[in-house]
Student: 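This structure is in structure tokens; I'll ask about it shortly.
Computed over heavy atoms, backbone and side chain alike; hydrogens, waters and symmetry mates excluded. All figures in this text were calculated on a predicted structure; none of them were measured in a lab.
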Amino acid sequence: MNARTQVFELSVEGRQIEEVVESIFHTLLLHRTIGKFHFKQESSYSIGTVGIVDVDCDFIDFTYVRTASDELDRKLKGHVSLFRDTLRSQDGPGSGQISLEFYQKKKTRWLFSPECIPWEVWTIKLDILTLSNESERQLLREKLGEVLAEKLMYVAEAMNRHEYVPKMPNQSELDLVFDTTIADVQPYLYRISHQTTTPPPSVSNTMRKFLKDTLAF
């Protein structure tokens with residue numbers, strides 16, 4: 001099975017990295033999370049609810065919605081903070097990408113660990129900009145708010161398509177499909193990975209010129 005893949009590319013300031021990634025990944029997780037299963041029999045169950053909270057960004061003119069699970073939020077923040085720190089520790093403006101992959105496990109012979117099969121992958125590619133004045137920063141925070149609104153609208157449209165997601169499992173196979181380690185919600189199994197690069201100076205200069213040209217309109 002080939003995993004569905006989507007890639008978003010954005011240019012941001014270093015202080016905006018977390019909010020950009022968290023707003024997109026939290027939106028994805030909101031659509032890919034259900035309440036806790038309460039089994040009556042092997043294949044008979046009820047599903048709990050998923051609360052939601054609004055999040056106002058500090059460095060972008062934008063508000064998004066995430067699950068109310070603080071535990072899921074902490075897990076995501078841990079991955080995103082590591083990505084941010086790695087990206088900002090580079091010598092000069094750099095770029096990087098971080099991916100949220102949903103997968104399911106397939107049982108193998110008893111001597112081997114289950115096979116992990118990805119079914120959906122979302123990747124965010126970021127170019128880090130260094131701006132020289134507050135006017136540029138204000139224009140960027142407004143522009144990013146508009147861009148994120150478009151991206152999250154696309155996410156909502158994509159989630160409403162009739163495409164493959166793992167079927168609801170019986171109790172004995174629950175942890176092959178869902179992350180059951182969180183106390184209050186149950187996301188589909190997922191993992192987050194990232195990588196960063198430091199572009200040559202000419203690439204950084206080109207990106208900065210591109211931003212200035214864009215903001216000039």
Side-chain angles (χ1 to χ4, degrees), residues 3-10 12-37 47-89 95-105 116 118-128 141 144-145 147-156 158-159 165-166 174-196:
R4 296 189 300 275
T5 60
Q6 300 285 348
V7 179
F8 294 152
E9 299 185 29
L10 301 99
V12 303
E13 276 195 294
R15 61 181 181 171
Q16 296 168 324
I17 294 171
E18 286 175 289
E19 292 181 341
V20 165
V21 176
E22 288 179 13
S23 65
I24 295 174
F25 279 6
H26 261 310
T27 300
L28 292 166
L29 286 167
L30 178 61
H31 286 278
R32 295 300 187 212
T33 297
I34 62 176
K36 297 292 285 187
F37 277 38
I47 302 177
T49 59
V50 177
I52 59 173
V53 295
D54 292 338
V55 180
D56 296 321
C57 296
D58 293 324
F59 304 112
I60 308 171
D61 290 347
F62 193 65
T63 298
Y64 64 93
V65 177
R66 68 164 177 85
T67 70
S69 172
D70 291 334
E71 187 176 353
L72 182 59
D73 182 47
R74 284 195 300 271
K75 285 191 171 187
L76 177 58
K77 274 182 163 54
H79 289 286
V80 178
S81 296
L82 180 60
F83 174 60
R84 175 208 61 200
D85 292 344
T86 304
L87 196 51
R88 298 192 71 175
S89 67
S95 62
Q97 65 179 50
I98 184 168
S99 296
L100 173 59
E101 174 188 285
F102 293 100
Y103 68 95
Q104 66 182 109
K105 295 179 181 178
C116 296
W119 51 272
E120 188 173 73
V121 182
W122 297 80
T123 299
I124 302 173
K125 293 183 177 181
L126 298 181
D127 285 303
I128 308 306
R141 66 178 289 146
L144 269 180
V147 170
L148 284 175
E150 293 174 359
K151 300 300 184 189
L152 299 198
M153 183 65 70
Y154 177 82
V155 168
M159 294 298 181
V165 295
L174 188 63
D175 60 358
L176 298 179
V177 176
F178 292 100
D179 180 351
T180 59
T181 64
I182 301 175
D184 51 352
V185 294
Q186 215 161 249
Y188 283 99
L189 288 170
Y190 72 92
R191 52 192 169 199
I192 297 174
S193 59
H194 72 264
Q195 62 186 60
T196 60

Student: Taking atom CD1 of Ile24 and atom CD1 of Ile124, what is their separation to the nearest 0.5 Å?
Tutor: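 Spacing of CD1 (Ile24) from CD1 (Ile124) equals 4.0 Å.
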Student: Please report the interatomic distance CG(Asp58) to CD(Gln16), rounded to the nearest 0.5 Å.
Tutor: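 Between Asp58 CG and Gln16 CD, I get 11.0 Å after rounding to 0.5 Å.
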Student: Does the side chain to side chain contact (heavy atoms under 4.5 Å, CB included) test come out yes or no for Val55 and His26, once each step is laid out?
Tutor: CA-CA 10 Å; Val55 180; His26 261 310; 6.0 Å; no
Student: For the atom pair CH2 (Trp122) and CZ (Arg32), what is the distance rounded to the nearest 0.5 Å?
Tutor: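 That separation rounds to 8.0 Å.
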Student: Under the side chain to side chain donor-acceptor pair (under 3.5 Å) test, which residues partner Thr63, sequence neighbours left out?
Tutor: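 Expected list: Asp56.
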Student: Using every non-hydrogen atom in the two residues, find where Pro118 and Ala3 come nearest and quote the distance to one decimal.
Tutor: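 Reported closest heavy-atom pair: O-CB, 3.6 Å.
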Student: Using the test ring pair (Phe, Tyr, Trp, His ring centres under 6.0 Å), find all partners of Tyr64 that sit at least two apart in sequence or belong to another chain.
Tutor: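 Partners of Tyr64 by the ring pair (Phe, Tyr, Trp, His ring centres under 6.0 Å) criterion come out as none, since no residue qualifies.
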Student: Kindly write out the residues that satisfy side chain to side chain donor-acceptor pair (under 3.5 Å) with Ser99, not counting sequence neighbours, or none if the list is empty.
Tutor: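 So Ser99 forms a side chain to side chain donor-acceptor pair (under 3.5 Å) with Thr123.
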Student: List in chain and number order the residues that pass salt bridge (charged side-chain N to carboxylate O under 4.0 Å, His left out) with Asp179, two or more places apart in sequence or in another chain; answer none if no residue qualifies.
Tutor: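 Lys75.
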Student: Asp175: what forms a side chain to side chain donor-acceptor pair (under 3.5 Å) with it, not counting sequence neighbours?
Tutor: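 Asp175 satisfies side chain to side chain donor-acceptor pair (under 3.5 Å) with no other residue.
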Student: Do Arg191 and Tyr103 form a cation-pi contact, if we require the NZ or CZ to be under 6.0 Å from the six-membered ring centre and within 45 degrees of the ring's axis?
Tutor: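 Judged by the rule (NZ or CZ under 6.0 Å from the ring centre, within 45° of its axis), Arg191 counts as positioned above Tyr103.
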Student: List in chain and number order the residues that pass side chain to side chain contact (heavy atoms under 4.5 Å, CB included) with Lys77, two or more places apart in sequence or in another chain; answer none if no residue qualifies.
Tutor: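 Per chain and number, Lys77 pairs via side chain to side chain contact (heavy atoms under 4.5 Å, CB included) with Glu22, Asp73.
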Student: Hey, could you give me the CG/CG distance between Leu176 and Leu189, rounded to the nearest 0.5 Å?
Tutor: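 The CG atom of Leu189 is 8.0 Å from CG of Leu176, to the nearest 0.5 Å.
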Student: Identify, with sequence neighbours excluded, every residue that meets salt bridge (charged side-chain N to carboxylate O under 4.0 Å, His left out) alongside Arg88.
Tutor: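 If we apply the salt bridge (charged side-chain N to carboxylate O under 4.0 Å, His left out) test to Arg88, skipping adjacent residues, there are no hits.
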Student: Determine whether Gln186 and Leu174 make a side-chain contact, defined as any pair of heavy atoms from C-beta on separated by less than 4.5 Å.
Tutor: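 Side chain of Gln186 against side chain of Leu174, heavy atoms only: contact under 4.5 Å found.
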Student: Would you say that Val155 contacts Leu28 through its side chain, given a criterion of any heavy-atom pair below 4.5 Å between the two side chains?
Tutor: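 Side-chain contact under 4.5 Å: yes.
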Student: Salt bridge (charged side-chain N to carboxylate O under 4.0 Å, His left out) with Arg141: which residues, sequence neighbours excluded?
Tutor: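 Salt bridge (charged side-chain N to carboxylate O under 4.0 Å, His left out) check on Arg141 returns Asp61.
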Student: Nearest 0.5 angstrom please: Arg66 CZ to Thr27 OG1, how far?
Tutor: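 With rounding to 0.5 Å, CZ (Arg66) is 11.5 Å from OG1 (Thr27).
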Student: I'd like to know if the side chain of Ser89 reaches the main chain of Thr86, judged simply by a donor and an acceptor atom lying under 3.5 Å from each other, with no hydrogens or angles considered.
Tutor: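 Yes, the answer is positive, given that a donor and an acceptor are paired below the 3.5 Å cut-off.
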Student: Apply salt bridge (charged side-chain N to carboxylate O under 4.0 Å, His left out) to Asp184 and list each qualifying residue two or more places apart in sequence or on a separate chain.
Tutor: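 Scan of Asp184 (salt bridge (charged side-chain N to carboxylate O under 4.0 Å, His left out), adjacent residues dropped) gives none.
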Student: Tell me whether the centres of the aromatic rings in Trp119 and Tyr188 are closer together than 6.0 Å.
Tutor: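 Distance test on ring centres: under 6.0 Å, yes.
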Student: What residues, two or more places apart in sequence or in another chain, satisfy ring pair (Phe, Tyr, Trp, His ring centres under 6.0 Å) together with Phe83?
Tutor: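 In terms of ring pair (Phe, Tyr, Trp, His ring centres under 6.0 Å), with neighbours along the sequence ignored, Phe83 is linked to His194.
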Student: Once side chain to side chain contact (heavy atoms under 4.5 Å, CB included) is applied, do any residues pair with Ser81, and if so which ones, sequence neighbours excluded?
Tutor: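 Ser81 satisfies side chain to side chain contact (heavy atoms under 4.5 Å, CB included) with Glu18, Arg84 once adjacent residues are dropped.
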Student: Only counting residues at least two apart or in another chain, list the ones meeting side chain to side chain donor-acceptor pair (under 3.5 Å) with Gln97.
Tutor: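 Not a single residue meets the side chain to side chain donor-acceptor pair (under 3.5 Å) criterion with Gln97.
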Student: Would you say that Leu29 contacts Thr67 through its side chain, given a criterion of any heavy-atom pair below 4.5 Å between the two side chains?
Tutor: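 No. Closest side-chain heavy atoms not under 4.5 Å.
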Student: A side-chain contact here means heavy atoms from C-beta on lying under 4.5 Å apart; do Ile17 and Val12 qualify?
Tutor: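 Yes, at least one pair of side-chain atoms sits under 4.5 Å.
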Student: About how many Å separate OG of Ser23 and CG of Leu148, when rounded to the nearest 0.5 Å?
Tutor: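 Reported to 0.5 Å precision, the distance equals 4.5 Å.
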